[in-house]
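Report on the structure given below.
Just so it is clear, the structure is predicted and the values come from calculations on it, not from any experiment.
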Amino acid sequence: KREFCQTLIQELDAILSGKDNQAPKKIDRELNSAAEELLLQSKRAPKPLAHQQTYTIDTVFISENDYFEMIGKKTAVLLKSSAQVGALIGGGTQDEVQRLGRYAYSAGLAFQIIDDILGLTASEATLGKPIGSDIREGKKTLIMIHARVQATPSQQRQLDNILGNEQASKSQIQSLVDLATSLGSLDYAHERARQLITEAKEELQTFHDTPAKAYLLSLADYIINRTY
């Protein structure tokens, strides 16, 4: 995300140094607005929810709404602000700017859900990190939240014993993946991601058919179908 932001800043600096006298004021105004929104989101986020990365028995397991709030502030709001800046640079109307923002926000949520799924199902060679690292780190993904709700008391104890255990073996990790699969948690997470991508695409329906629109639609498809 840091590299992405640095690239965005460099591109905007290049635009600001150009000959368009109106572009600097317009971009500067939107960047300030985006920065204020990000700052406000950061201040509003309760630290235990937004920053806590590990799960212990003493920690209240967060709700699905908490999860979406967390990944919204972690991933989706950055994509939303970036899309809105791009829309303004391109001369979009207020409605178009808002629609592209909503498209990016929904797509960002779906991206994070798919990322969580791949963290349990992709091969290590493809993923580039050990499978199940999210489990060892105790990350509260939509998959684990759904699994805990659906689990029996004995299955909940199994989940509690493994999630957040940095020393968990590969067999323990696999047993938790198998549990989430049997409880329908992986399918549930994938379905939620598909719903979000559908919502994202709907925001683009009022735009004229252009190569740019086609690209955004294909980007949404890539997010839901990616394997790494």
- Take Glu69 and Asn65, measure what side-chain hydrogen bond (donor to acceptor under 3.5 Å, both in side chains) needs, and give me the verdict at the end. CA-CA 6 Å; Glu69 179 184 356; Asn65 287 338; over 6 Å; no
- Exceeds 12 heavy-atom contacts within 6.0 angstrom, atom CD of Gln94: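 Count not over threshold, so no.
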Separation of [Y] [atom2] from [X] [atom1] (nearest 0.5 Å):
X	Y	atom1	atom2	answer
Ile131	Thr126	CD1	OG1	8.5 Å
Gln98	Thr93	CD	OG1	9.5 Å
Asn225	Ser218	CG	OG	11.0 Å
Lys201	Ser106	NZ	OG	13.0 Å
Ile162	Met144	CD1	CE	9.5 Å
Arg192	Ile113	CZ	CD1	6.5 Å

Shortest non-hydrogen separation from [X] to [Y] and the atoms involved:
X	Y	value
Val177	Leu186	O-CD1, 4.5 Å
Leu163	Lys139	CD1-O, 4.1 Å
Gly72	Tyr105	CA-OH, 3.4 Å
Gly108	Thr75	O-CG2, 3.8 Å
Ala147	Leu183	O-CD1, 3.4 Å
Ile173	Gly132	CG2-CA, 3.7 Å

- Should Leu176 and Leu159 be marked as a side-chain contact (heavy atoms from CB on, under 4.5 Å) after you check the CA-CA gap, both sets of side-chain angles, and the distance that decides it? CA-CA 7 Å; Leu176 201 52; Leu159 189 152; 4.1 Å; yes
Heavy-atom donor-acceptor pair, [X] side chain to [Y] backbone, under 3.5 Å:
X	Y	value
Gln156	Arg148	yes
Lys213	Phe207	yes
Arg194	Ile224	no

- Task: Measure the acute angle between the ring planes of Tyr188 and His146, then classify it against the limits of 30° and 60° as parallel, tilted or perpendicular.
- Result: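 Ring orientation, 0 to 90° scale: parallel.
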- Query: Given the rule in the side-chain contact (heavy atoms from CB on, under 4.5 Å) test, do Ile143 and Tyr67 qualify, once you have shown the distances and angles that lead to the verdict?
  - Reply: CA-CA 10 Å; Ile143 302 162; Tyr67 168 81; over 6 Å; no
- Query: Taking it one step at a time, do Gln84 and Leu100 satisfy side-chain contact (heavy atoms from CB on, under 4.5 Å)?
  - Reply: CA-CA 6 Å; Gln84 289 178 323; Leu100 285 172; 5.8 Å; no
- Partners meeting side-chain hydrogen bond (donor to acceptor under 3.5 Å, both in side chains) with Asp115 (sequence neighbours left out):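 Scan of Asp115 (side-chain hydrogen bond (donor to acceptor under 3.5 Å, both in side chains), adjacent residues dropped) gives Arg226.
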- Item | Glu199 side chain reached by Glu203 side chain, heavy atoms, under 4.5 Å |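 The answer is no, as the side chains (C-beta and beyond) never meet within the 4.5 Å cut-off.
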- Only one of Leu79, Ile197, Leu217, Leu204 passes side-chain contact (heavy atoms from CB on, under 4.5 Å) with Tyr103; say which it is.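 Running side-chain contact (heavy atoms from CB on, under 4.5 Å) over Leu79, Ile197, Leu217, Leu204 with Tyr103 returns exactly one hit, Leu204.
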- Do Gln174 and Asp178 meet the criterion of a side-chain donor-acceptor pair at a distance under 3.5 Å?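 Gln174 vs Asp178: donor-acceptor pair found between side chains.
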